[in-house]
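Below is one structure, written out as structure tokens; the observations come after it.
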Amino acid sequence: MSYDQLVKSLTPEKVLQTWPEITPLKKISGVPTSASSDSSNGSDAVFAGHDEEQIRLMDELCIVLDYDDTPLGAGTKKLCHLMDNINQGLLHRAFSVFLFNEEGKLLLQQRADEKITFPAMWTNTCCSHPLCVAGELGISAGGDCKTLDNAVAGAKIAAQRKLEHELGIPAEDAPIEDFQFLTRIHYKSASGDEKSKWGEHEIDYILILKTKNPKIEANYNEVKDYKYVSAEELHEMFNDESLVFTPWFKLICSTLLFTWWKNLDNLDSFKDDHIHRMLYD
């Protein structure tokens, strides 16, 4: 059975049976942004040697999904990012922001050394996870969390929150209405080599933000470095063997990004409701 087939075979009942730590969606009401666990005190062996703030963030509650991007419940960031769980098919929701300035340059960040997953790697402007709360499920005013429109609305709220958390970009420089959703990608990757304890398995919402040069006050527990690049400069970075890039960023660049980049004034023509499966066994 391929990995794609494995994930597809996991029914909601099977997911909740395999991972009883997940809070089923129907039991969530005003759920907190993080779980009560012992992760924050660093007592878990998987956190040995890691940064205390990054350990604390592992208690945040991600949106656990089925193969079709239907929310099933809330699972901790730790649960969702352990390769033991990922290899059994556990899937969660994410977003990736690509911020372009007035000159058409893309803002990149280099993830901090303190990050538990994919440390020190260069990537797109901001990559993170909507939390399993009403606003970031897209249902603050009620409605069905299973619709794509509501899921996109929630991802945009999460993106605005994380741009401020990671890069200090204030909300007024990243208005919700200026985020443009294009598509979703489904990918899986270990953090580093295949022996890593950590990794990603996500359905990733791609959000484009075209803006003036925003105010940036980087959080250096999240971001080691950042810079704006042209398409040509990014190609040069990829040719530099001393630089390492996140797997999702490389996937998006090798398949979609440069076409979007050439058409920043006509992005509506590239919007779709598909999930681009990029799972490679």
Side-chain angles (χ1 to χ4, degrees), residues 54 57 94-115 117-130 136 152 155-185 187 200 202 204-240 242-268 270-271:
Q54 292 298 320
L57 291 170
F95 65 83
S96 286
V97 175
F98 293 78
L99 185 155
F100 293 91
N101 67 8
E102 291 179 300
E103 300 172 11
K105 289 191 171 186
L106 173 63
L107 179 61
L108 303 183
Q109 67 155 279
Q110 184 182 22
R111 292 165 66 87
D113 293 336
E114 290 83 357
K115 298 288 284 186
T117 58
F118 307 94
M121 296 187 188
W122 282 94
T123 194
N124 51 290
T125 312
C126 181
C127 343
S128 191
H129 314 91
E136 297 187 12
V152 168
K156 290 178 179 181
I157 290 171
Q160 187 185 65
R161 171 177 60 83
K162 288 299 290 186
L163 280 172
E164 184 161 19
H165 174 229
E166 294 186 3
L167 290 159
I169 296 176
E172 56 265 28
D173 286 349
I176 292 291
E177 61 271 18
D178 287 356
F179 286 94
Q180 188 169 2
F181 167 75
L182 287 190
T183 192
R184 295 168 286 177
I185 68 166
Y187 77 95
E200 288 285 12
E202 306 175 325
D204 192 9
Y205 283 57
I206 306 302
L207 302 173
I208 307 295
L209 180 62
K210 295 180 290 183
T211 184
K212 298 179 179 178
N213 293 325
K215 178 182 178 183
I216 298 176
E217 293 183 2
N219 173 357
Y220 288 104
N221 188 257
E222 292 284 330
V223 176
K224 184 175 184 177
D225 197 4
Y226 60 90
K227 65 178 177 179
Y228 287 97
V229 295
S230 64
E232 293 75 15
E233 289 166 335
L234 181 54
H235 281 300
E236 291 172 5
M237 289 180 70
F238 281 132
N239 291 328
D240 185 341
S242 70
L243 302 179
V244 183
F245 298 86
T246 60
W248 63 86
F249 185 54
K250 289 192 293 185
L251 276 173
I252 295 167
C253 287
S254 66
T255 55
L256 299 165
L257 176 65
F258 291 104
T259 299
W260 297 336
W261 207 331
K262 292 176 182 177
N263 294 275
L264 288 179
D265 294 325
N266 188 34
L267 288 174
D268 283 340
F270 298 96
K271 181 179 177 181

Check: [X] side chain, [Y] main-chain N or O, donor-acceptor pair, under 3.5 Å:
X: Thr246; Y: Met121; result: no
X: Gln54; Y: Asn221; result: yes
X: Gln109; Y: Thr125; result: yes

Please identify each residue that fulfils side-chain hydrogen bond (donor to acceptor under 3.5 Å, both in side chains) with Lys115, with sequence neighbours left out.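 Applying side-chain hydrogen bond (donor to acceptor under 3.5 Å, both in side chains) to Lys115 gives Glu222.
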Quick one: side-chain hydrogen bond (donor to acceptor under 3.5 Å, both in side chains) partners of His235, sequence neighbours excluded? none
Mind checking side chain to side chain contact (heavy atoms under 4.5 Å, CB included) for [X] and listing every partner two or more places apart, or none if nothing turns up?
X: Ser230; result: Lys105, Glu232, Glu233
X: Ala171; result: Gln160
X: Ser128; result: Phe95, Lys162, Glu166
X: Leu108; result: Leu106, Trp122, Val229, Leu234, Met237, Phe249

Determine which pairs satisfy side-chain hydrogen bond (donor to acceptor under 3.5 Å, both in side chains) with at least one residue from residues 174-184, sequence neighbours left out, and list them in order. Asp69-Arg184, Gln180-Asp268, Thr183-Asp272, Thr183-His276
To the nearest 0.5 Å, what is the distance between [atom1] ([X]) and [atom2] ([Y])?
X: Phe181; Y: Ile208; atom1: CZ; atom2: CD1; value: 10.5 Å
X: Phe179; Y: Leu163; atom1: CZ; atom2: CG; value: 5.0 Å
X: Arg111; Y: Thr117; atom1: CZ; atom2: OG1; value: 4.5 Å
X: Ile206; Y: Asn124; atom1: CD1; atom2: CG; value: 7.5 Å

Could you tell me which residues satisfy salt bridge (charged side-chain N to carboxylate O under 4.0 Å, His left out) with [X], sequence neighbours excluded, listed by chain and number?
X: Glu217; value: Lys215
X: Asp113; value: Lys224
X: Glu114; value: none
X: Glu202; value: none

Close side-chain approach of Phe98 to Leu257, heavy-atom, < 4.5 Å: yes
Could you label the plane-to-plane angle of the Trp248 and Tyr187 rings as parallel, tilted or perpendicular, counting under 30° as parallel and over 60° as perpendicular? tilted
Indicate whether any N or O donor in one side chain lies under 3.5 Å from an N or O acceptor in the other, for Glu102 and Asn213.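 Their side chains do not contain a donor-acceptor pair, so the 3.5 Å distance test is not met.
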Identify each donor-acceptor pair in which a side-chain atom of residues 260-267 lies under 3.5 Å from a protein atom, sequence neighbours left out, and give them as a table.
from   : atom 1 : to     : atom 2 : distance (Å)
Trp261 : NE1    : Gly104 : O      : 2.7
Asn263 : ND2    : Thr259 : O      : 2.8
Asn266 : ND2    : Ser269 : OG     : 3.3

Taking all non-hydrogen atoms of both residues into account, name the closest pair between [X] and [Y] and its distance.
X: Thr211; Y: Pro214; value: CG2-CD, 4.2 Å
X: Pro130; Y: Ala155; value: CG-CA, 4.3 Å
X: Ala174; Y: Ile169; value: CB-CG2, 4.3 Å

